[in-house]
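Remarks on the structure that follows.
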Amino acid sequence: MDIKIIEVGPRDGLQNEKKVIATADKYKFIKMLSEAGLTTIEVASFVRTDKIPQMKDARELCQQLFTDSSLKNLSLPCLVPNLKGLEKASEAGVKEISVFTATSESFNQKNINSSIDESLEKIGKVIDVAKASSIKVRGYISTVFGCPYDGETSVAVLLKIMDRLFNQGVYEIALGDTIGIGNPAQTKSILKAVKNSFDLGKVAMHFHDTRGMALANALTSLEMGINIFDSSAGGLGGCPYAKGATGNVATEDLVYMFEAMGLNTGVDLDKLVAASKFMEQQIGRELSSKVYKVLSRGEK
Ligand code: MG
């Protein structure tokens, strides 16, 4: 495989969709995504359900997924904000979690009520407990390309956080353009700095297409040596910082671009479109992905 796609639609996507989806439909969606060839699918988050009702069924969904033998070779990570979340994830049989922080102090304060240092302290404890239970941990860093409150963020701070997370034991870090504000020149300069200190084989890019820059940034990342990308089927999920705007880059858009360039993603576009179409019917609004729109109309 030339490119590894991490499908985040069922978690990151649905978490930003208003309509709460039935557990059976989430389950079917994840099955369809796996049939399309996606081998890592972020399926849920163990967060406060009074804040995020979409994730109220995380435990039930995970229990169903983890007892399905047809899914046993997949990675099905769940997002975990703290020790309490880890405990719940662990009880549901989760084998892999994602933890998160941001390069912006204001963003962390508003999002998780912690400074960057405090968040790293908390994450360190989560990772220690996870490792003791043989649960793999992936790290997310938000606001790498800019923050909705602070504007520009620092690459030096990013490198410090990455160093800390790798030392704490995460196996991979996804760098997030949370508000979809990055551009190719910025992508290049950030990745140049990252490459000087870390193995790019352990770094993923998590782009948002809010301003239509996601593919340009993904291509630049590829040229810089990145081959792991997070994306969401159909472009599922909006952007909480810009009403009505696009959120995660669509899996269809990434897969189309890479495959058209002769790279192998392992993903069957037609089957992926079928999965997105199924979820589009459930959420009751049109998905944003351009490639999805073309293919779902039956055009080639
Ligand atoms: Mg996202």
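Only a predicted model underlies this, so the values are computations on that prediction, with no experimental measurement involved. First listed ligand is number 1; within each ligand, the first listed atom is number 1.
For Lys122, the NZ atom sits in a packed shell: over 12 heavy atoms of surrounding residues, nucleotides or ligands are nearer than 6.0 Å.
Of all the N, O or S atoms in Asp12, the one closest to the Mg ion (ligand 1) is OD2.
In this structure, the salt bridge (charged side-chain N to carboxylate O under 4.0 Å, His left out) partners of Glu172, at least two apart in sequence or on a different chain, are Arg138. Partners of Asp253 by salt bridge (charged side-chain N to carboxylate O under 4.0 Å, His left out), not counting sequence neighbours: none found.
Both tests do not hold together for Lys4 against Phe229: distance to the six-membered ring centre under 6.0 Å, angle to the ring axis within 45°.
For the Mg ion (ligand 1), the N/O/S atoms of Asn248 include one lying under 2.8 Å.
The angle subtended at the Mg ion (ligand 1) by NE2 of His206 and NE2 of His208 is 100°, given to the nearest 10°.
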